Amino acid sequence: MTRTLTILGIETSCDETAAAVVRRHATEEDGTARGEILSNAVFSQIEAHKRFGGVVPEIAARAHVEHLDGLIARALREADTHWSELDGIAATAGPGLIGGVIVGLMTAKGIAAARNLPLIGVNHLEGHALTARLTDHLPFPYLLLLVSGGHSQLLIVKGVGDYQRLGTTIDDAVGEAFDKVAKLLDLGFPGGPAVEAAAKSGHATRFALPRPLINRPGCDFSFSGLKTAVRQASEALGEAGDQDKADLAASFQAAVADVLSARTENAMALADDIIPQGMRRLVVAGGVAANMMLRDHLTISAHAFGYELVVPPQKLCTDNGAMVAWAGAERLALGLSDGLEISPRARWPLDPDAAPARGAVGKA
Ligand code: KG4
Ligand code: ZN
């Protein structure tokens, strides 16, 4: 039995500056624990990056410096929690844009030293991976499809710090592909919601786009060929009108849905021996999990394989401080914390034993 832990979590690895206070109650017999989000303050830097059509690392790091102190004060105030009531400070220590990670981790180190609190350096991906235990009280193991602006991975989540990666992207992440397609169709930033909105009035069968790797074994992803096919189709149209853009957005989204479903089906087949019947849950996390059309497809695939689909609420799927605080609490409950010498990491795979995806360039 562990005690109740109240943790401040800090997230600065991309373009959200975030701080949250989360409470983890005592560990129950099945290894789960009840969680409570006392506050979850997020400042989105979208406005600062919009005119560049993507996140500019230097601007992001400076914005984290400007906003983080205020967000931490707000998170504590909204949680009605005093420094003295905290049991630990968790901060994303990677992977991510290194300037931002440095801002968050160094701030956490300063607080931990000044307040004499344990410091927990959290892997951002572990934050996404464990969110479903906070929101849905899930026991280990479960299957995770992590789809965000930086990552596209299929993992078996076996325990805290214990992951088996089944597949990852060999080029672009799926959210990145949405953002790039939105940019080339001039639909706005961030691209995911813009593409989804445009696709609503589009015909998904008008453009025959490729479905990379779809009939191949394994669980790796590739999205750059699909993105190139969208660009070529758009160039072939010349001056694309609103209906053309909607049709292209819908055709692109349908191709992504087919790919994600097919690769996740391969993962469910592979996980058969590892995840016992009665525990078969597919968790979808990361910003792309907000896409309703993709969710519908994944629900059908999950049910066909006897899995329940679990998608945390949208504001906990996109980057936030609560997921970092929760991952920190899960680690601290196991007696895990870090010394002040911990270094920020731009790359930090969840499963260090996983073979790199064939052809992978620069992705964790
Ligand atoms: O998890 P997240 O907030 O940040 C990262 O860790 O990357 O994910 C952001 C990504 C962006 O690429 C954004 O375009 C995508 O999630 N996204 C979506 C949707 N909403 C956000 N992609 C597709 N459909 C959406 N509705
Ligand atoms: Zn993320």
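Residues take their numbers from the sequence shown, with the count starting at 1. The structure presented is a predicted model; accordingly, all values stated were derived computationally and were not measured. Both ligands and their constituent atoms are indexed starting at 1 by order of listing.
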If you measure every N or O of [X] against every N or O of ligand 1, does any of those distances drop under 3.5 Å?
X    : result
G149 : yes
D319 : yes
A290 : no
G150 : yes
G286 : no

Nearest neighbour in protein (non-hydrogen) for [atom]:
atom                    : value
atom 24 (N) of ligand 1 : N291 ND2, 3.0 Å
atom 15 (C) of ligand 1 : V288 CG2, 3.9 Å
atom 26 (N) of ligand 1 : E196 OE1, 2.8 Å
atom 22 (N) of ligand 1 : G192 CA, 3.3 Å
atom 11 (C) of ligand 1 : D179 OD2, 3.6 Å
atom 1 (O) of ligand 1  : G287 N, 2.9 Å

Name each donor-acceptor pair under 3.5 Å that joins a side chain in residues 97-113 to protein atoms two or more places apart or in another chain, with its distance.
from: T107; atom 1: OG1; to: V103; atom 2: O; distance (Å): 2.6
from: K109; atom 1: NZ; to: L340; atom 2: O; distance (Å): 2.8
from: K109; atom 1: NZ; to: I342; atom 2: O; distance (Å): 2.6

Practice item. Flag the pair K227 and D171 as a salt bridge only when some basic side-chain nitrogen lies within less than 4.0 angstrom of an acidic carboxylate oxygen. Key: no
Point to revise | R206/D247 salt bridge by N-O under 4.0 Å criterion | key: yes
Point to revise | Aromatic plane relationship, H128 with H124 - under 30° parallel, 30 to 60° tilted, over 60° perpendicular | key: perpendicular
Review point. Would you call the rings of F252 and F178 parallel, tilted or perpendicular if under 30° counts as parallel and over 60° as perpendicular?
Key: perpendicular
Between side-chain atoms of residues 48-56 and protein atoms elsewhere (two or more places apart, or another chain), which donor-acceptor pairs fall under 3.5 Å?
from: H49; atom 1: ND1; to: V56; atom 2: N; distance (Å): 3.1
from: H49; atom 1: NE2; to: Q45; atom 2: OE1; distance (Å): 2.9
from: K50; atom 1: NZ; to: E47; atom 2: OE2; distance (Å): 3.2

Check your understanding: Is the backbone of A289 close enough, under 3.5 Å, to the side chain of R295 for a donor and an acceptor to pair up by distance?
Key -> yes
Point to revise | D136 side chain to L138 backbone, donor-acceptor under 3.5 Å | key: no
Practice item. List for me each residue that meets side-chain contact (heavy atoms from CB on, under 4.5 Å) alongside L184, sequence neighbours excluded, and say none if there are none. Key: V230, R231, S234
Review point. Between the side chains of E265 and S301, does any donor sit under 3.5 Å from an acceptor?
Key: yes
Revision key, fill the gap. For the Zn ion (ligand 2) the protein N, O or S atom count under 2.8 Å stands at 3
